[in-house]
Student: 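Let me give you the structure first, and then I'll get to my questions.
Chain letters run A, B, ... following the sequence lines, proteins first, then strands; residues in each count from 1.
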There are 2 protein chains.
Amino acid sequence: MNLPALQQKFVIHFGEMGARWGMNRTVGQIYAVLFLSENALCADEIVAALGVSRSNVSMGLKELQSWQLVQLEHQPGDRKDFFSTPDDLWQIVMTLVEQRKAREVDPTLTVLRDLQMDSDYNETNAFARGRIEEATRMIELFSRWYEDMRDVDIERLERLLTMGAAAQKVLNFKPRKKTKKRKEN
Amino acid sequence: MNLPALQQKFVIHFGEMGARWGMNRTVGQIYAVLFLSENALCADEIVAALGVSRSNVSMGLKELQSWQLVQLEHQPGDRKDFFSTPDDLWQIVMTLVEQRKAREVDPTLTVLRDLQMDSDYNETNAFARGRIEEATRMIELFSRWYEDMRDVDIERLERLLTMGAAAQKVLNFKPRKKTKKRKEN
DNA sequence: CTGAATTTTCAGTAAATTCTGAAATTACAG
DNA sequence: CTGTAATTTCAGAATTTACTGAAAATTCAG
């Protein structure tokens, strides 16, 4: 890997995280390199930075495009494709959230609804039915909230988050539930 | 797999999702079986339901315990371990969020802070430094919000979500940003 | 068109992860 | 203690996923 030591740490960390975020290591690393770069980079520059094969970078960039996490641009008089990440970090976060919702929660909601349409849904034991319905309601609640919040911009977000936290504190006149799920390892 | 057809669909779906959620297929399936079961189950019952090896179930249950997603109990006069999921779905969701935060965002915050402590941080190019600092701020913002919201219960949450969404609509007197990140595939 | 530059595809391989069965360990009733 | 039930560990096998290099396809200047 051919990068200043500090940036390399960042890139390696994002590689590890990428793996936990449904991409893979290389994809995470490509993203990290682009994220730290002021100007858009072409595939060969990424190859040089990461020391992986050209084809791997090509596939990684395709993956990032499918996540809409990366922008393709062209430079005058150059035939190569150049890639960059949005300047606005908040937009990046929202895209990530949108994509993960689409990949992780929407399909579940679809399955849950399908199950409830199933002809022998009512044969299923009542407890399982209750669980399925409860889960459906919970996901729908979040989905509706997400739809409402989707386009909020970052300045407004800071206000809303503060507001939400304050509201929570105000509403919370009863003593809090004992918090037993704090981890200590 | 030895389960009523409808429950089997549910279990298989959660297996696929489990894989996207940093567990693996079997772990997701074990969780799904427990989630749909009114009473706690022992390992052999899970083996029977899923048709995987006893040792695989053992490892899966250990993993679920490390996520604190599963409770171990004992039944009078029985030496086996029995496992169940919390009755309260909201608690399950919060545990998931807590755990994913601990696995996906906290380590990143640590790395970002470390980078900024690094002796040659100031040698790093200004753009990259800006990105790192911006990312740090964003994660800290969410972390603080999360801390405030962590122990809210579900009835209160419904109010807060509604409130948040309403607040967002009220604040949003300016026209919304053009939403260009909706995917259509 | 032609051909050089660039990107993409893909079959095969490498690497990583998951799963199993057998053996080891633990837990506890008698 | 002893013996049996139950759980865990772990080395190797099976499966899945990631990566590469070579070949194919695409793009576009001339």
Side-chain angles (χ1 to χ4, degrees), chain A residues 1-2 11-12 14-34 40-67 70-84 103-104, chain B residues 1-2 11-12 14-34 40-67 70-84 103 185:
Chain A
M1 204 177 290
N2 180 22
V11 166
I12 285 174
F14 268 73
E16 282 163 18
M17 282 301 144
R20 296 195 183 173
W21 284 61
M23 314 167 178
N24 64 38
R25 190 160 40 85
T26 307
V27 174
Q29 289 182 354
I30 293 173
Y31 193 79
V33 167
L34 293 175
L41 301 177
C42 71
D44 287 324
E45 289 171 308
I46 298 170
V47 168
L50 297 181
V52 298
S53 73
R54 181 55 238 265
S55 50
N56 198 0
V57 169
S58 176
M59 292 186 298
L61 287 168
K62 238 184 64 180
E63 170 89 358
L64 285 170
Q65 284 175 282
S66 87
W67 280 74
V70 119
Q71 291 157 349
L72 170 61
E73 24 187 292
H74 286 100
Q75 295 190 356
D78 197 328
R79 194 149 134 196
K80 292 199 210 62
D81 292 341
F82 286 80
F83 297 89
S84 65
R103 288 156 201 250
E104 296 175 3
Chain B
M1 203 177 289
N2 179 23
V11 166
I12 286 174
F14 267 75
E16 282 162 17
M17 282 302 144
R20 295 194 186 174
W21 285 60
M23 315 167 177
N24 64 37
R25 192 159 38 84
T26 307
V27 173
Q29 290 182 354
I30 292 172
Y31 193 79
V33 166
L34 293 175
L41 300 178
C42 71
D44 287 324
E45 289 171 308
I46 299 170
V47 168
L50 297 180
V52 298
S53 74
R54 183 53 237 268
S55 51
N56 199 359
V57 169
S58 176
M59 292 187 297
L61 286 169
K62 237 184 63 181
E63 170 90 358
L64 286 170
Q65 284 176 281
S66 88
W67 280 74
V70 118
Q71 292 156 349
L72 170 60
E73 20 187 296
H74 286 98
Q75 296 192 356
D78 196 329
R79 194 150 136 194
K80 291 199 211 63
D81 292 341
F82 286 80
F83 297 88
S84 65
R103 287 156 201 251
N185 55 317

Student: Should Lys62(A) be listed as having a side-chain N or O under 4.0 Å from OP1 or OP2 of dT9(C)?
Tutor: yes

Student: When Gln29(A) is tested against each of Leu34(A), Asn24(A), Leu50(A) for side-chain contact (heavy atoms from CB on, under 4.5 Å), which residue passes?
Tutor: Leu50(A)

Student: Taking salt bridge (charged side-chain N to carboxylate O under 4.0 Å, His left out) as the definition, give me every residue that meets it alongside Lys62(A), ordered by chain and number, with sequence neighbours left out.
Tutor: none

Student: Could you list the residues that satisfy ring-ring contact (aromatic ring centres under 6.0 Å, His included) with Tyr31(A), not counting sequence neighbours?
Tutor: none

Student: Take nucleotides 11-30 of chain D nucleotide by nucleotide from the 5' end and write B, S or -, depending on whether a protein heavy atom sits under 4.0 Å from the base, only from the sugar-phosphate, or from neither.
Tutor: -------SSBB-----BB--

Student: Scan Asp44(B) against the nucleic acid and name what it touches under 4.0 Å (heavy atoms): base, sugar-phosphate only, or nothing.
Tutor: nothing

Student: Distance check needed: dT9(C) C1' versus Glu63(A) CD, whole Å only.
Tutor: 16 Å

Student: Rounded to whole Å, please give me the gap between CZ in Arg20(A) and P in dA16(C).
Tutor: 16 Å

Student: Identify, with sequence neighbours excluded, every residue that meets side chain to side chain contact (heavy atoms under 4.5 Å, CB included) alongside Ser55(B).
Tutor: Ser53(B)

Student: Nearest whole Å is fine: how far is dT6(C) P from Glu45(A) CD?
Tutor: 12 Å

Student: Could I get the full list of side chain to side chain contact (heavy atoms under 4.5 Å, CB included) partners for Ile12(A), not counting sequence neighbours?
Tutor: Met1(A), Gln8(A), Glu16(A)

Student: Please list, one pair per line, the donor and acceptor atoms closer than 3.5 Å that link side chains of residues 40-49 of chain A to other protein atoms, with sequence neighbours excluded.
Tutor:
from     : atom 1 : to       : atom 2 : distance (Å)
Glu45(A) : OE1    : Cys42(A) : N      : 2.8

Student: Let me know the distance between CG of Leu72(B) and P of dT7(D), rounded to the nearest Å.
Tutor: 9 Å

Student: Would you kindly give the CG-to-P distance between Leu64(B) and dT8(D), to the nearest whole Å?
Tutor: 13 Å

Student: Which whole-number value in Å describes the distance from Phe82(B) CZ to dT7(D) C1'?
Tutor: 14 Å

